[in-house]
Amino acid sequence: METKIFTYLVGGKAGEGVKKAGSVAAHLFSGMGRRVFQMDDYQSLIRGGHNFSVVSTAVGDVTSHYEKADLVVALDKRSYQMHKGHVKENGILVYNSNAVRGEAEGIGIPLTKTARRYPNPGMRIGVGAVAVLAAAVGLSKDELKELIEREYRRDLENNVPYAFDVYDLAYPEVGGRFKLEHGDKPRAILSGNQAIALGAAAGGLDAYFAYPMTPASSILHYFAAHADDLKVAVVHPENEIAVINMAIGAASVGARAMLGSSGGGLALMQEAFSMAGMAEVPLVCVLSSRPGPSTGVPTYTDQGDLYFALYQGHGEFPRFVASPGTIEEAFYLTAELLDLVWRFQTPAILVTEKHLSESSMTVEIEPDKARRPDPLMHSGGEYKRYLETEDGISPLLFPPSGQFIRWNSYEHDEAGITTEVPEQIVRMRDKRNRKYETMVEYMRSQHTVNVFGDGGPVIYTYGSTVMSVLEALRAGDIRATVVQPIYLEPFPLWEIERYGDGIVVELSSTGVFARYLREKAGINAKAVIRRYDGRPFDPVELAEQIKEAM
Amino acid sequence: METKIFTYLVGGKAGEGVKKAGSVAAHLFSGMGRRVFQMDDYQSLIRGGHNFSVVSTAVGDVTSHYEKADLVVALDKRSYQMHKGHVKENGILVYNSNAVRGEAEGIGIPLTKTARRYPNPGMRIGVGAVAVLAAAVGLSKDELKELIEREYRRDLENNVPYAFDVYDLAYPEVGGRFKLEHGDKPRAILSGNQAIALGAAAGGLDAYFAYPMTPASSILHYFAAHADDLKVAVVHPENEIAVINMAIGAASVGARAMLGSSGGGLALMQEAFSMAGMAEVPLVCVLSSRPGPSTGVPTYTDQGDLYFALYQGHGEFPRFVASPGTIEEAFYLTAELLDLVWRFQTPAILVTEKHLSESSMTVEIEPDKARRPDPLMHSGGEYKRYLETEDGISPLLFPPSGQFIRWNSYEHDEAGITTEVPEQIVRMRDKRNRKYETMVEYMRSQHTVNVFGDGGPVIYTYGSTVMSVLEALRAGDIRATVVQPIYLEPFPLWEIERYGDGIVVELSSTGVFARYLREKAGINAKAVIRRYDGRPFDPVELAEQIKEAM
Amino acid sequence: MGELITYAENTWCPGCGNFGILKAFQEAVRRLEAEGIGREKLFISSGIGCHGKIADYLKLNGFYSIHGRSMATMEGAKIANPDLKVIAFVGDGDAMGEGIAHMIFAAKRNIDITVIMHDNRVYGLTTGQFTPTSVLGYKGPSTPKGSIEEPLNPLTMMLEAGATFVARGYSAKTDHLADIIAQAIMHDGFSFVDVLQPCVIFFNMYEHYNEVVTPLESVPADRDEAVRLARLEDRLPIGVFYKAEKPEYCRSLYGDWNPVAQRMPLEERRAAVTRLVTP
Amino acid sequence: MGELITYAENTWCPGCGNFGILKAFQEAVRRLEAEGIGREKLFISSGIGCHGKIADYLKLNGFYSIHGRSMATMEGAKIANPDLKVIAFVGDGDAMGEGIAHMIFAAKRNIDITVIMHDNRVYGLTTGQFTPTSVLGYKGPSTPKGSIEEPLNPLTMMLEAGATFVARGYSAKTDHLADIIAQAIMHDGFSFVDVLQPCVIFFNMYEHYNEVVTPLESVPADRDEAVRLARLEDRLPIGVFYKAEKPEYCRSLYGDWNPVAQRMPLEERRAAVTRLVTP
Ligand SMILES: Cc1ncc(C[n+]2csc(CCOP(=O)(O)OP(=O)(O)O)c2C)c(N)n1
Ligand SMILES: Cc1ncc(C[n+]2csc(CCOP(=O)(O)OP(=O)(O)O)c2C)c(N)n1
Ligand code: SF4
Ligand code: SF4
Ligand SMILES: [Mg+2]
Ligand SMILES: [Mg+2]
């Protein structure tokens, strides 16, 4: 089970700079041309508690963090206790000897005491964790200085000397213990939420609407920070109901609109989601899941929202539901969904999870490959918003125009005027159902399912769990065929059915994805490997589970 | 296809007393010991437009109106045009000759001109329609007077002489044309919504919360009118989100709470519905459907909300979803759901349709047979709201109490304190999943499926469409086995699977119920008979469709 | 001006105050056109209820939205295309009940939309239940013994929320109302017009309004005075109660830009994205 | 008074104003107990946010509800059992944003619940975005260039909505706050307590508050005066701004009855139902 993976884990209190230390490490590794995966585990609190960041890196692919690390740096006692069991064979455990007392294992360094030489010692010790890493991987002091300058930017007059102090303390104990090969080239590091935002931007987004909700909030933050560069209108209104209704209003005058939230927020949007179905409004909704039901466990990950994502809104109407398997895929898929909703004038759910939204990894993205919306526009003659066409798609037109454009949440005639006439009701329902048929037909020619591996038993998975499974196969050196439906609705039965029964891997307590496969494709799960404690899979453990199931 | 059915249809403008005329007819027939079914077709407007009421009656069972009537009374031109084709062979068409001119068919009576002898002529002509019926079925003037007095109560000094005037005009033309047998005994007439309200009351309801929304509003109105007799707290708050959160708050201090709305209202409640799942709050939610999506066709009927009803709320949690097939069943089922939600401390959806909610029929109800909630109460020792038990059910306790009672929307420990600890998350999710297993086990011993008929091809249907199908079988003299899952979740697979493939009858455009049967039970529909113009099935037409499908 | 009306059958009750609003609005459109604001610049919306049907009747671009949300729909439209003059027709149940949060925040952010409230003080279309503006003691099907709540005052509520144009009209005074509506649409910021609209079926206030409605002679001096006048009940003032200048939301958000009309060319956009995905 | 606190680990940031609210509330409970109102009569609730964690810390019966809904949850509890003293702890984002409709209507109907608002003027738990009470120009992750909206004033908003008890406290003046909270709970009708609560991480107002906070000497004479004082910013008054008597909602709804404690015996109920299903 030897891999070329190096894993760095830093744990401490919220506010100590744990996530930042992980991110600095990730950038260090990617700067060496290596690939990186960073997973941040944090609680629903602002200061204190227990956070940790795990960064796994390799010269080749790496699509998951590993629970066991080569280098663990514990900034406080709780981290020490929690992570002392997470040191790989031949790994090193370094702890803050000012926080952990009377413990024998590992190497103590007085991170806090050293920090007291500088202002705000409590918030600085994450820098110490970076210095320990620098020493352990054999960085020179100059390289460390450059790293701190590039990544922290602020307060360098204290951060650099503090890093040097810690480096000097650590070097004798850990200096150069890990030799990390360089890889081919530096790559950008993106979180899933950044990829979603950027994918939408590349796909032509005009307006983003959101009310903060973990783990979707950072899409809002990213757009807000880049509103000027990207020229996107970014609005954080009073509540989620305003979010979706504003987004619908924006779309109705021609803006490519998107919104994002987690389950609780999307739950509030369902009435309007249904309106988007009736009025045929193009709209992409990002649903980033956490363990539910209800408030659940806000800062952790889960895939238990599957059925909720699939069946939002009352009444019958077509929609797309898709879930990206990797951060790169999140980029392209978001742009693709923008294209699809505009092509078919109906809403879409991009369902993902905290594990994708808030993890980061090295990516290679080509913005020009993002799909761009190319909706069917009205080309002359009298305009009718809901023109009955063979394929169910009515051309679009936006104000200002000399024509009459009416969107309607009521059942309506072709011009968008409300109707209660039985024949008219049937015609419009038939039109929307025909549109669904057109969608299905179209999707048959699209890439709707990823298949990884070239033989071996079939493993079904989707969403961010794809990354875990792929890493588990590498970690366990397992030969398998991984089948990932990117699209969940319309369900790509034409692709899936050929694979037959298999093992199902998912983050849910009742096996909702396995149930979905059974219901949709008659696929029986030979085993359902579930995890539902809010944490993503560890590739090593998952590899064992997969082997057992095979 | 001869049946012993007599059908009376009255059509006119909103505000002319059409529905009332139908209701008076229904009471006249039930007073004769006959059974009655009344369906009201009305538009989303307050005055004008076109409304009609159809009342079918028989000495034996009748569970649907018939589209073709023995006696049609058209109060205005639009009704005349619409319904002149709805006269059965040997039936009579009577029209208001002041509204319909230059038409030859039928018998003209100057209903408006006659009404002008009295105040508010426009609102009175419905009384004329009753007088025509009275003449046609051979009532004496004394009997007519008594009927008007009993049913209208108000403004009798004008209503009675007006009825006499019309009776005198009509008698020469239609007098005694229909001889209606008397039946065994008078029965009460209830609408579906009244049955739901009364069933809840009989089952021990303490508080009803609702925001008006057709076709659920009349539950609210009924409770409001009977709040004092029934001793139920009735609250109409600012919006649907308040409705469900108030209901949850009420339940958390021990009140048996219920709420009702249509799809759009329930859509707004999903965030809190999910909270009821997490916090284990007993709550019955009535979802009365109309054609969707969105605002759709507010005053008509549909079953397209099935998946929406089944998969409300984010995250994984147990819930009951059930749908009554008849108005009597609506009474008992509502009480039963109250029992179930209290027994299992989880929410339930009673899904029904406008066709059941707002149609009326003769019923025989025994309130003592309604189930009564009998929740598991705490019996001593330290109280823990979420005590981990083998069957997943934790005892209840309500304030005031010396104990600590904490309900929680976050994941929690046994005492209800928030947790983010992985093992604790798993334990609570396991507990709720065990509860689901307990629910399923329990339901196996319950009456979850109705089967009608003793042989012949299988027909699957549910909800108010059951009434249509049963009447169609009578109308078409068809031998069939009708299988109706009363419970849709937990799905009574153990009962259903034995029936194999069959014909499916439902009110939806895409065949959602057929799809559900396939997904849940592997049942393939030999044919899916759908109607989706907002109107319920006509038994005669449906009988033909069934025969064709057989 | 027949061409401002669609072919939809009008199903309001004879005598309903909504007819006056429809008439006044058409008149306002004519006045706007006279001032050079073409009807193609207008984008309308409405909630669900009797009032909402105006969206079926007016032949103007727009969105027949859902109960309580038309103002949010219109905020979105405005944000996407600030060159449009957007108008939300709302009911009192719609805007003071289901959608009150959107009202308060649209006012708070002073976004340039116009809200015209058909204030019949009942849920008309759902058969006359009490609304947030219904009088104490109002008997409707959900309050058969009379409402036990005191009504909200829409004008003072909107003033409190920060609205920069607050007015009241009366559906039976169409000329006066048309003038107010035209002013409201021209106002650069959030405008609210509360229209006294008798519902002849469930709450017929014609007689009462005809008696007590009194046009204001001028715009009150300040907000306090506006509040005082807006609270009067025996003499019911109509007219513009308050008008103030404050930065408009869309301009504060993105200056002189129009997201849909001045979309960044996709190539530039992708160049910007490329910069952000380059290590 | 340790037994008012659960075993839950307190995860508020050191120095957070929430500690003062927790302390003041415990003190208020002690005062209520001295007046004969036992803690078993209390039923508490909270929204989601830093403030909400108080529901984990206080060992009192209650419901840890969802974002923006705890006041609705508590209205339901009160309606079901009017003998309880119900208290909703809310955040400013919670109550003035997501849940503002419930606030306005709880005030309007004068239902006897107490709302204690932890007013830190940020969404604390979601990392410091602007809220409806954030100052113009506030920089948070959703408003990196500064908020472009003027804040709502929670006190005048609640006065406008009809609240019969409106007060402001300061988390650092726990004794004063405890007194206000006790009064609010004792008040028979809707009570609102806006608590100035510095968030040391995202909007640390200790210095400013310590400078400008000024206790009111007495309850202002009338609502207009209360409004005037509530709008002051340079000198920030704390204390009870308004207190009035008005019929309480539950009593107006069903008089002296208690739905769960005085449930109609099932036999009587069924007799009533039987009457209604008898032809
Ligand atoms: C979410 C939702 N809840 C309830 C309804 C039902 N509904 C339709 S119209 C209406 C009331 C409308 O009242 P108001 O806004 O005052 O309009 P009016 O009919 O009086 O013009 C309601 C409650 C709905 N359509 N949507
Ligand atoms: C429906 C919903 N939307 C969003 C969230 C995410 N959320 C959790 S706490 C919070 C903000 C809380 O702010 P505030 O009420 O001011 O509380 P504070 O943390 O400042 O005490 C938000 C938006 C949620 N839990 N539920
Ligand atoms: S019910 Fe009232 S508001 Fe509705 S159309 Fe009739 S008169 Fe107008
Ligand atoms: S983030 Fe602010 S409000 Fe939240 S606990 Fe910390 S200091 Fe208190
Ligand atoms: Mg109204
Ligand atoms: Mg806050």
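A, B, ... follow the sequence lines: proteins, then strands. Residue 1 opens every chain.
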Which residue out of [options] racks up the most heavy-atom pairs below 4.5 Å with chain B?
options	value
D/Y57, D/W257, D/F43	D/W257
D/L42, D/L276, D/N81, D/I48	D/L276
D/Y7, D/Y249, D/F63	D/F63
D/E40, D/R270, D/M74	D/R270
D/E75, D/K53, D/R263, D/H67	D/R263
D/G62, D/A80, D/A272, D/G68	D/G62

Side chain from CB out, backbone as N, CA, C, O: work out which of these in [X] comes under 4.5 Å of a heavy atom of chain D, or both, or neither.
X	result
B/Y383	neither
B/I241	both
B/R187	backbone
B/F209	side chain
B/A279	side chain
B/A207	neither

Quick one: are the ring centres of D/F202 and D/Y123 less than 6.0 Å apart?
no
How about D/Y64 and B/Y410: are their ring centroids closer than 6.0 Å?
yes
Check this for me: [X], atom [atom1], are more than 12 non-hydrogen atoms of other residues, nucleotides or ligands nearer than 6.0 Å?
X	atom1	value
D/K59	NZ	no
D/K246	NZ	yes
D/D256	CG	no

Among [options], residue most engaged with chain D (heavy-atom pairs, under 4.5 Å):
options	answer
B/G402, B/P400, B/A255	B/P400
B/A233, B/G31, B/A201	B/A201
B/A257, B/G416, B/S252	B/S252
B/T418, B/V234, B/I244	B/T418
B/H412, B/Q403, B/R256, B/E364	B/R256
B/T419, B/L205, B/I248	B/L205

Is it the side chain or the backbone of [X] that comes within 4.5 Å of chain B heavy atoms, both, or neither?
X	result
D/I104	neither
D/L84	side chain
D/V277	both
D/T278	backbone
D/I66	both
D/Y254	side chain
D/E267	side chain

Distance from [X] atom [atom1] to [Y] atom [atom2], nearest 0.5 Å?
X	Y	atom1	atom2	value
D/S252	D/I111	OG	CD1	10.5 Å
B/M361	B/T57	CE	OG1	11.0 Å
D/F89	D/T114	CZ	OG1	9.5 Å

Expected list for residues 269-276 of chain B: side-chain donor-acceptor pairs under 3.5 angstrom, two or more places apart:
| residue | atom | partner | partner atom | Å |
| --- | --- | --- | --- | --- |
| B/Q270 | OE1 | A/Q270 | NE2 | 3.4 |
| B/Q270 | OE1 | B/G313 | N | 2.7 |
| B/Q270 | NE2 | A/Q270 | OE1 | 3.4 |
| B/S274 | OG | A/S294 | N | 2.8 |
| B/S274 | OG | B/H314 | O | 2.8 |

Are side-chain N/O atoms of D/N18 and D/H118 paired as donor and acceptor at under 3.5 Å?
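Result is yes, a qualifying pair exists.
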May I ask you to say whether [X] pairs ionically with [Y], meaning some side-chain N is under 4.0 Å from a carboxylate O?
X	Y	answer
B/R150	B/E146	yes
D/R275	B/D229	no
D/E248	D/R109	no

Of all heavy-atom pairs linking B/A26 and B/Q38, the shortest is CB-OE1, 3.7 Å
Taking the side chain as every heavy atom from C-beta outward, state whether B/S30 and B/M32 have any atom pair closer than 4.5 Å.
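The answer is no; the side chains never approach within 4.5 Å.
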